[in-house]
Each structure stands twice: as structure tokens, then as C-alpha cells.
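Numbers restart at 1 for each chain; the letters A, B, ... are given by sequence-line order, proteins then strands.
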Protein chains: 2
Amino acid sequence: MSKFRNKPTLDRAAAMLKALGHPHRLSIFLRLVDCCGAGRCCGTEAEYAACVGDLGADLDIAPSTLSHHVKELRQAGLIRVERNGQRVECGVDLQAVAELRTLLHQFDGVSAVAAKD
Amino acid sequence: MSKFRNKPTLDRAAAMLKALGHPHRLSIFLRLVDCCGAGRCCGTEAEYAACVGDLGADLDIAPSTLSHHVKELRQAGLIRVERNGQRVECGVDLQAVAELRTLLHQFDGVSAVAAKD
DNA sequence: GCGAAACTTCGACATATATCGAAATATAGC
DNA sequence: GCTATATTTCGATATATGTCGAAGTTTCGC
């Protein structure tokens, strides 16, 4: 628990989880994570991995809806976007991923109980 | 990405994240995780850690609202509840936590990029 | 059996979300 | 400048969510 007793921290974490709590956005985010992994297909900055259009490729949603979801992810702090010509490139926000990892570490104690079973 | 390309798996993960994506529910869940950790304050089954009332202690919400949130967490598969006398005891669902951990492992590749910075 | 304690269910309400299509904006290439 | 491509903004709409208070359900202890 520790730092998540802090209200702003808790709220921010909840906002990130909420943003990921939609199949389309989770899918978009995972694809981005996938693109960023192992230095593959990353742009010049190594931080930007795919453009908005690529992320919604097989999602079967309107461009405006895709744009909306990307905006939600950005506002939650999960991704960063940067215009590059016609394209708008997206990348995972590393700080955000680190925070999510910290949050999930809270659960480590629970596995211990599981092991005890 | 791997298993999260699978639609049911993705949807289930999104449902869990969505359930955690509200400050009150995240708070409730973290408290439960906290209670389960290190074998502290756990009930007879070792799986049930706190009753509904305890979980909403300093949340300042109506009992009916608390009940609603607990139900959401249960329906998302994150917690289990069991009546014990007047109390309804709650416990973290270990399977769910394991799934969340698996999901977060998808992010491990991204840290590698971070380290490269 | 009665009253209190701990929850849940119900009904109402305000607000937020997901979605689309149409129109607007930005950029590249000719 | 004109056109095509990529993306965003806007307005509309349907549905979902968070919240409460009032009433109902279970169970305990007397």
C-alpha cells in the first residue's frame, strides 16, 4: 500500500487503469508496448514506435473513435504523441509504465499466500 | 502481446483493469491486498481478509455505494466474497492477481528501452 | 420473537463514455 | 495552389456509471 495511501497518487493510478480498462485502448496500448520492445520498429527518438493509424489497424473502429482513444491514453499519461509530417507518432510513456509496475508490486505479498496454499 | 491477442483474454483483462480504474475501488482492492499480505489479519480460510464494512472504512461513501463497488470487483473476478455470520468477508482472488501479473509482464520489454536511455 | 448490525437491492438522478459521420486542420507532393 | 493522406474536432446519440436514500434480507444475541 504505502505510497498509494496518497490521494493524488491513487487517483493517478486509477486514471491509468481506467484508461487501460477498455478492450480497444488496452489493445492499442499493448500493440504500442509490443512495438517498443527490444528496440524494434522504433523511430528516431527510440521512444516513438507507431503512428495513430497503425495502432487501430485491425480494430474496426472509425478514425474519430481511434483518435478519441489515443487522446484518452495520452491524457492518462500512458503514452506520448508527437507530430511527424502527416503522421502522429505514439510511444509508451516510460514513467507511466514504471508507475504501473510499482503499483503491481503491491500484489507481490499476495502470491506468498498463494504459494502457501 | 502473445496471449492478449486472444479476444476473450483481452476483454477479461480490460474488465479487471476497468474495475480497478476507480479511486474508491482501487483503494478497496489495495486495502484487501494489504490485509492478505504476509498472512496478517486473514480469516480461517487464509483467503478471506476483511469484511465489506472494513474495506470502506475511511472512504466516506454510503453503504449502498460501497456494496456496489464490492460487487463490481467481484464481477470482474478480482475478489471473492463469502458470508460469515453477519459479516460478508472478502478476499483477493489469487488467480486474478496472477493474470494481472502476466499482463504487466508484457511491459518488461519497455523497461529495457528505458535502461538504454 | 425482537431489535440491532451488516449488507444488498431498488429506484432515481446526474454525469461520463463510446461511438459515429461530417467537417475542419495539417502536411506532403505535384 | 490543388489533391490526397492522416488525424482531430464537433455534435449527436445511446448506453453505462457513481451516487444516494429508502426499504428489504440475514444473522446474532437476548
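- Comparing A:Gly21 and A:Gly85 by the nucleotide of DNA chain C that holds the closest heavy atom to each, the one mapping nearer the 5' end is A:Gly21.
- Rounded to an integer number of Å, the gap from CD1 of A:Ile61 to P of C:dT17 is 17 Å.
- Taking atom CG on A:Asp60 and atom C1' on C:dA18, their separation rounds to 14 Å, with Å as the unit.
- When rounded to the nearest whole Å, the span between CD of A:Glu72 and P of D:dA16 equals 17 Å.
- Within the structure, a side-chain polar atom (N or O) of B:Arg25 is placed less than 4.0 Å from OP1 or OP2 of D:dG18.
- Put simply, CG on B:Asn84 is 19 Å from P on C:dA5, counting in whole angstrom units.
- At least one side-chain nitrogen or oxygen of A:His22 sits closer than 4.0 Å to the OP1 or OP2 atom of C:dT19.
- When the nucleotides D:dT8, C:dT8, C:dA6 are ranked by their closest atom to the side chain of A:Ser67, D:dT8 comes out on top.
- Looking at B:Gln86, its side chain comes within 3.5 Å of the base of C:dA5 through a donor and an acceptor atom.
- Across the protein-nucleic acid pair, A:Ile28 atom CD1 and C:dA18 atom P stand 11 Å apart, rounded to whole Å.
- The NZ atom of A:Lys18 sits 16 Å away from the P atom of D:dA16 (whole-angstrom rounding).
- Taking a cutoff of 4.0 Å between a charged side-chain nitrogen and a carboxylate oxygen, B:Asp108 and A:Arg101 qualify as a salt bridge.
- Protein atom CG of A:Leu17 is 17 Å distant from nucleotide atom C1' of C:dT17, rounded to whole Å.
- Dashed line: the shortest gap from a side-chain N or O of A:His24 to OP1 or OP2 of C:dT19 is under 4.0 Å.
- Side chain B:Thr65 to base D:dG18: no donor-acceptor pair is found below 3.5 Å.
- Nearest to the side chain of B:Arg83, among D:dT26, D:dC20, D:dT8, sits D:dT26.
- Atom OG of residue A:Ser64 and atom NE2 of residue A:His69 lie 9.5 Å apart, to the nearest 0.5 angstrom.
- Contact annotation: B:His68 does not reach the phosphate of D:dC20 (side-chain N/O to OP1 or OP2, under 4.0 Å).
- Note: CG (B:Leu66) to C1' (D:dG18) measures 13 Å, nearest angstrom.
- For A:Cys51, counting side-chain heavy atoms from C-beta on, the closest listed nucleotide (C:dT8, D:dT7, C:dC20) is D:dT7.
- For B:His69 and D:dT17, the shortest distance from a side-chain N or O to OP1 or OP2 is not below 4.0 Å.
- The only option from B:Leu30, B:Ile28, B:Leu73 that meets the side chain to side chain contact (heavy atoms under 4.5 Å, CB included) definition with B:Leu20 turns out to be B:Leu73.
- A salt bridge links A:Arg31 with A:Asp58; the closest basic N to acidic carboxylate O contact falls under 4.0 Å.
- For A:Phe107 and B:Phe29, the gap between ring centers is short of 6.0 Å.
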